[in-house]
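Below: the structure, in structure tokens.
First the proteins, then the strands, lettered A, B, ... as listed; each starts at 1.
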Amino acid sequence: MKHLVFMGTGAFALAPLQAIYEHFADRCRLTVFTKAQKPAGRGMKCKPGCVEAFAREKELEVFQPQTLKEESFGETFRALRADLVIVASYGLLLPGYVLDEPEFGCVNIHASLLPEYRGAAPINRCLIDGKEKTGITIMQMDRGLDTGDVLWQKELSLAPEETAGTLFEKLASLGAEMIVEAIPLLEKRAFSLQKQEEARATYAAKITATDQKIDWSRPAAEIFNQIRGLSPLPSAICRTQKDGKRFKIIEARLSDEGAQGAPGEIVSVKPRVVVQCGEGALELLLVQPEGKGKMTAADAVNGRKLVLGEYLS
RNA sequence: CGCGGGGUAGAGCAGUUGGUAGCUCGUCGGGCUCAUAACCCGGAGGUCGUGUGGUUCAAGUCCCACCCCCGCAA
């Protein structure tokens, strides 16, 4: 293995890249592809992506094509003579000329046990669905979206209090460990390819505003899963009755307080902040009012963001 | 120059038409109680983001400049 090409953009890609850099940079050429950051964010500034920042810091060769579709880029890519392409949270579909070129192909590090949760948001979706386990799949890429043959999977069981944030960290580092082990095995062609069972395939679509909105008439257990599956970002959202402003619930837990009230009603503010749900109730722990920073539910009560008897909607 | 909210005691907030700052919680001390995260009394703690800026008899409160935080949108 002389030349490794890493393609990644999202935060999930950083740990694997760092691990590859640590273990292989001294004996392989390492080139990084990452999506160029568009002017964005508050003030429409251009902030560097985490992968780009790391690659530049280590003075790795960086390519940031806006798209790979143009065949003209094929010449440039072929000229790299990549032996293996490793993809993690890249954000661009790889065209045939990339998939077919490297001697050892293109492998993807995906944060689910494929064929379940193909697509953009596997980490969030498995928690929202209340799954008890997930994992990392190292897969040989093909022309479909996360449909390639599986090389290696490792499972991870999910604790009830797992959040998207903690799970993200765990899966990113698991992915990093696995890819470091996988590279030498790939070189020896030691993996056997396993087709994905199409019948079991599910799709983890990107999170939308609708996914974030809390419907308090649903059972507390479901809302709890929604909250942790979206915590800390992008967060589950509702609105306060007082001013109609957005109100994020970052952290909550199931409450056994048998308070009676209508869904969304704040039935207690001390010693615990409890909101009635369609079935059961939730105790709010960490919240974030619009325009403010994260704060404990108790602080929100002190500052009168949350008032006993009012409703969240 | 994308839109918007905000920087006031350790924390979350209030502060009306400008006149030397309040609330809830925490904290410290005391009391009540079998006991307490409950209740009562008392105390400490703030150069009100920065500016040897402007207006004014007087600015947290109006004007200017700058720094920082956050929400939306991408």
Task: Counterpart residues, salt bridge (Lys or Arg N to Asp or Glu O under 4.0 Å), relative to A/Arg42 (two or more places apart) - done: none

Task: Residue list, side-chain hydrogen bond (donor to acceptor under 3.5 Å, both in side chains) with A/Lys170, at least two apart or on another chain - done: A/Glu162

Open item on the list: Under 3.5 Å for both donor-acceptor distances, Watson-Crick or wobble: does B/U61 have a partner, and if so which one?
Closed with: none

Open item on the list: What's the gap between B/A21 and B/A59 when it is taken at their P atoms, as a whole Å value?
Closed with: 13 Å

TODO: For nucleotides B/C63 and B/U17, find the distance between their P atoms and express it as a whole number of Å.
DONE: 13 Å

TODO: Hunt down the Watson-Crick or G-U wobble partner of B/C3, both distances under 3.5 Å, from any strand shown, or write none.
DONE: B/G71

Task: By side-chain hydrogen bond (donor to acceptor under 3.5 Å, both in side chains) - contacts of A/Glu198 (at least two apart) - done: A/Arg118

Open item on the list: Mind checking if A/Ala40 touches a base, just sugar-phosphate, or nothing, with heavy atoms under 4.0 Å?
Closed with: base

Task: Opening and closing nucleotides of RNA chain B in contact with chain A, under 4.0 Å to non-hydrogen atoms - done: B/G2 to B/A74

Task: Pairwise 5' ranking along RNA chain B for A/Arg42 and A/Lys270, keeping only the more 5' one - done: A/Lys270

TODO: Remember a base hit wins even if backbone is also touched, and classify A/Lys305 as base, sugar-phosphate or nothing at under 4.0 Å, heavy atoms.
DONE: sugar-phosphate

Task: Nearest-angstrom distance, C1' atom, B/C13 to B/G51 - done: 27 Å

Task: Pairwise C1' distance, B/G49 and B/U8 [rounded to whole Å] - done: 10 Å

TODO: Kindly state which residues belonging to residues 226-241 of chain A come within less than 4.0 angstrom of RNA chain B, counting heavy atoms of the residue only, listed by number.
DONE: none

Task: B/C69 to B/C1 separation - P atoms, rounded to the nearest Å - done: 24 Å

Open item on the list: Counting the atoms with a prime plus P, OP1 and OP2 as sugar-phosphate, which does A/Lys38 contact under 4.0 Å by heavy atoms, base, sugar-phosphate, or nothing?
Closed with: nothing

With a 3.5 Å cut-off and sequence neighbours excluded, list the donor-acceptor pairs that the side chains of residues 76-85 of chain A form with protein atoms.
unit_1  : atom_1 : unit_2  : atom_2 : d
A/Arg78 : NH2    : A/Glu71 : OE2    : 3.4
A/Asp83 : OD2    : A/Lys2  : N      : 2.8
A/Asp83 : OD2    : A/His3  : N      : 2.8

Task: Short N-O contact, A/Glu61 and A/Arg29, less than 4.0 angstrom - done: yes

Task: salt bridge (Lys or Arg N to Asp or Glu O under 4.0 Å) against A/Glu222, all qualifying residues, sequence neighbours excluded - done: A/Arg218

TODO: For nucleotides B/C48 and B/U61, find the distance between their P atoms and express it as a whole number of Å.
DONE: 9 Å

TODO: Apply the test side-chain hydrogen bond (donor to acceptor under 3.5 Å, both in side chains) to residues A/Glu116 and A/Thr202: give CA-CA distance (whole Å), side-chain angles for both, the deciding distance (0.1 Å), then the verdict.
DONE: CA-CA 5 Å; A/Glu116 293 186 324; A/Thr202 58; 5.5 Å; no

TODO: Please measure how far the P atom in B/U20 lies from the corresponding atom in B/A35, and state the result in whole Å.
DONE: 46 Å

Open item on the list: By nearest heavy atom, map A/Met44 and A/Lys292 onto RNA chain B; which one lands nearer the 5' end?
Closed with: A/Met44

- [ ] Name all residues meeting the side chain to side chain contact (heavy atoms under 4.5 Å, CB included) criterion together with A/Ala262; count only those two or more places apart in sequence or in a different chain, and write none if there are none.
- [x] A/Glu265, A/Tyr311

Could you pull out all donor-acceptor pairs under 3.5 Å where a side-chain atom in residues 292-300 of chain A meets a protein atom, sequence neighbours excluded?
unit_1   : atom_1 : unit_2   : atom_2 : d
A/Thr296 : OG1    : A/Asp299 : N      : 3.1
A/Thr296 : OG1    : A/Asp299 : OD2    : 3.3

Task: Salt-bridge contact A/Arg189-A/Glu103 (side-chain N to carboxylate O under 4.0 Å) - done: yes

- [ ] Can you tell me, in whole Å, how much space there is between the P of B/G10 and that of B/C68?
- [x] 23 Å

TODO: Return the nucleotide paired to B/A38: Watson-Crick means purine N1 to pyrimidine N3 with N6-O4 or O6-N4, wobble means G-U with N1-O2 and O6-N3, both under 3.5 Å.
DONE: none

- [ ] For B/C25, give its Watson-Crick or G-U wobble partner with both distances under 3.5 Å, or none.
- [x] B/G10

